[in-house]
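Encoded as structure tokens, the structure appears first; notes follow it.
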Number of protein chains: 2
Amino acid sequence: MSRTALWKSIASSLRTEIAEGHYRPGDKLPTEAELALRFGVNRHTVRRALSEMAETGLVHSRRGSGVFINAKPTEYPIGRRVRFHQNLQAAGQTPERKILRIETRLANTREADALALSQQDEVHVYEGVSSADGAPLALFRSVFPAARFPLLPKALQETGSVTAALASVGVADYTRSSTRLTAKLATPTQALHLRIAEGAPILRTVSVNVDATLQPVEYGITWFAGDRISLTVSPE
Amino acid sequence: MSRTALWKSIASSLRTEIAEGHYRPGDKLPTEAELALRFGVNRHTVRRALSEMAETGLVHSRRGSGVFINAKPTEYPIGRRVRFHQNLQAAGQTPERKILRIETRLANTREADALALSQQDEVHVYEGVSSADGAPLALFRSVFPAARFPLLPKALQETGSVTAALASVGVADYTRSSTRLTAKLATPTQALHLRIAEGAPILRTVSVNVDATLQPVEYGITWFAGDRISLTVSPE
DNA sequence: GAGTGGTCTAGACCACCCT
DNA sequence: GGGTGGTCTAGACCACTCC
């Protein structure tokens, strides 16, 4: 037997073909028998591949009909230790991140509240867009206490990653202390970045992350494209 | 073949035994071969059951070692701490509930999936509106396995409360095993009930509640008026 | 009735863990 | 080396969909 399972490479092939547009949402895949013939394997091996693709929400099967490409939004689990890109990788997609802005300015009321600062204090603000497979999924704004992390902007610029940047300034681990969620309508600017229609539904999450000593280290607001994402809250 | 898949009833048996404490976190289950012998089925059928249990995070397998109960069984779900509150200051709000409909009908695909039923099985469906201070906050639909709870509709009619009704039919405690959230636009019917504009943003949550033996007892969908409420997800 | 996915059995071999 | 889970094959029958 080869080192990589056959069913994994079959799933990978099919994923690539779907990503390349050979199959579109709603399309029917070839039958299990046909796929087995094409890949030169047993039908059960194809089924194992399709089973995994169904688990990750890529396809769904209808007995008697066939296997169909899902138009279903990607799921994004949130919990105590949410790391956006790690989660997307787990879902088998390719995460990308575009930096829109990194700046340092005075905190506004809400930011000061959330980070336990006064409004005289400065904060670093990091804004960007997260995408998967070329489709923008989320617009985010992360706010950090500037006094505590003077070198953070440089680290953000270099890594693009909040987790990596915080690690580089001494915050090895952090946890989400709370998340608030609500539904909103996309503003023109948000719609532009997320490539959705103005007025389309978006899911806004507001969260505070704290370090091991429970000091707030990040205040984050994320706007998800409502039709491309759903959040999963599950026990860990 | 019986109406219910063998592997499902095997998974159900094992779930019950785990919930009853026959196996504790970290414990090793009998080997696949032993389980196959015990249930009088092929090893592959046992594997199918274990596979589903692994998916839902109940167990994990280690090649060469065995299958083990996961450290944190679903006794302590984060989703349990999901609660909704009014965005604006909620001083002395009076929660109200209006029953829209209580009916019994065949399960659809998603309901059957979520409740581990077949589509031949019947479900009780309870729909209503939650309000506070006269303002509708949420529209909900709760779906229950009818065979297990023949007397539930009466209890729902009398109490209006899912918790109270389930208690009256023997489910003293239940926990939320998962919640999915996404943003949508209100349909005309939803807008009417929530007294918001057609196309206003709404927050949809889809959840599954399980009893002490981890059997699904309720599949619930709730639509929140996006501009009147937000959800808080907090650990611990 | 033909086609399609879902379940179950049976057997083989492999990769990995333990002792 | 012996035991355990992981993969793959092969074949059978069933439930469901679609014509």
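Per chain, numbering begins at 1; letters A, B, ... match sequence-line order.
By the 4.0 Å N-to-carboxylate-O rule, Glu158(B) lies close enough to Lys154(B) to be salt-bridged with it.
Whole-Å rounding puts the Met53(B) CE to dG5(D) P distance at 13 Å. Summarising the geometry, the separation between CD on Glu52(B) and C1' on dC8(C) is reported as 17 Å, rounded to the nearest angstrom. dC18(D) atom C1' lies 11 Å from atom CZ of Phe68(A), rounded to whole Å. One atom, CG of Leu37(B), and another, C1' of dG3(D), lie 16 Å apart when rounded to the nearest Å. For Phe39(B) and dT7(C), the CZ to C1' distance is 17 Å, given to the nearest whole Å. The separation between Leu35(A) atom CG and dC8(D) atom P is 15 Å, rounded to whole Å. Per the geometry, CD belonging to Glu34(A) stands 6 Å off P belonging to dT4(C), to the nearest Å. For the pair Arg48(A) CZ and dC8(D) C1', the interatomic distance rounds to 12 Å; values are reported in whole Å.
Closest approach of Ser168(B) to Ala155(B), counting heavy atoms only: OG-CB, 3.3 Å. Ser142(A) approaches Val162(A) most closely through the heavy-atom pair OG-CG2, 3.9 Å.
Side chain His44(A) to base dG11(D): a donor-acceptor pair is found below 3.5 Å.
Considering only side-chain atoms of Asn42(A), the nucleotide from dT9(D), dC8(D), dC8(C) that sits closest is dT9(D). Which of dA15(C), dA12(D), dT9(D) sits closest to the side chain of Arg63(B) comes down to dA15(C). Distance from the side chain of Arg47(B) is smallest to dG6(D) among dG6(D), dC8(D), dT9(C). Here dG5(D) is the nucleotide among dA10(C), dT7(C), dG5(D) with the atom lying nearest to any side-chain atom of Thr31(B). In this structure, the nucleotide among dA10(D), dC8(D), dG5(D) sitting nearest to the side chain of Glu32(B) is dG5(D). Comparing dG5(D), dG6(C), dT7(D) by their nearest atom to the side chain of Arg43(A) picks out dG6(C).
Remark: Ser61(B) is in phosphate contact with dG6(D), judged by side-chain N or O atoms under 4.0 Å from OP1 or OP2. When the side-chain nitrogen and oxygen atoms of Ser65(B) are compared with OP1 and OP2 of dG5(D), none of them lie within a distance under 4.0 Å.
Note on Arg62(B): only backbone sugar-phosphate atoms sit closer than 4.0 angstrom, heavy atoms only; bases stay farther off.
Listed for the Ser13(A) side chain is a donor-acceptor partner under 3.5 Å among the backbone atoms of Ser9(A).
Residue Leu139(A) holds its CG atom at 10.0 Å from NZ of Lys98(A), rounded to the nearest 0.5 Å.
With the nearest nucleotide of DNA chain D identified for both Val46(A) and Gly66(B), Gly66(B) has the one nearer the 5' end.
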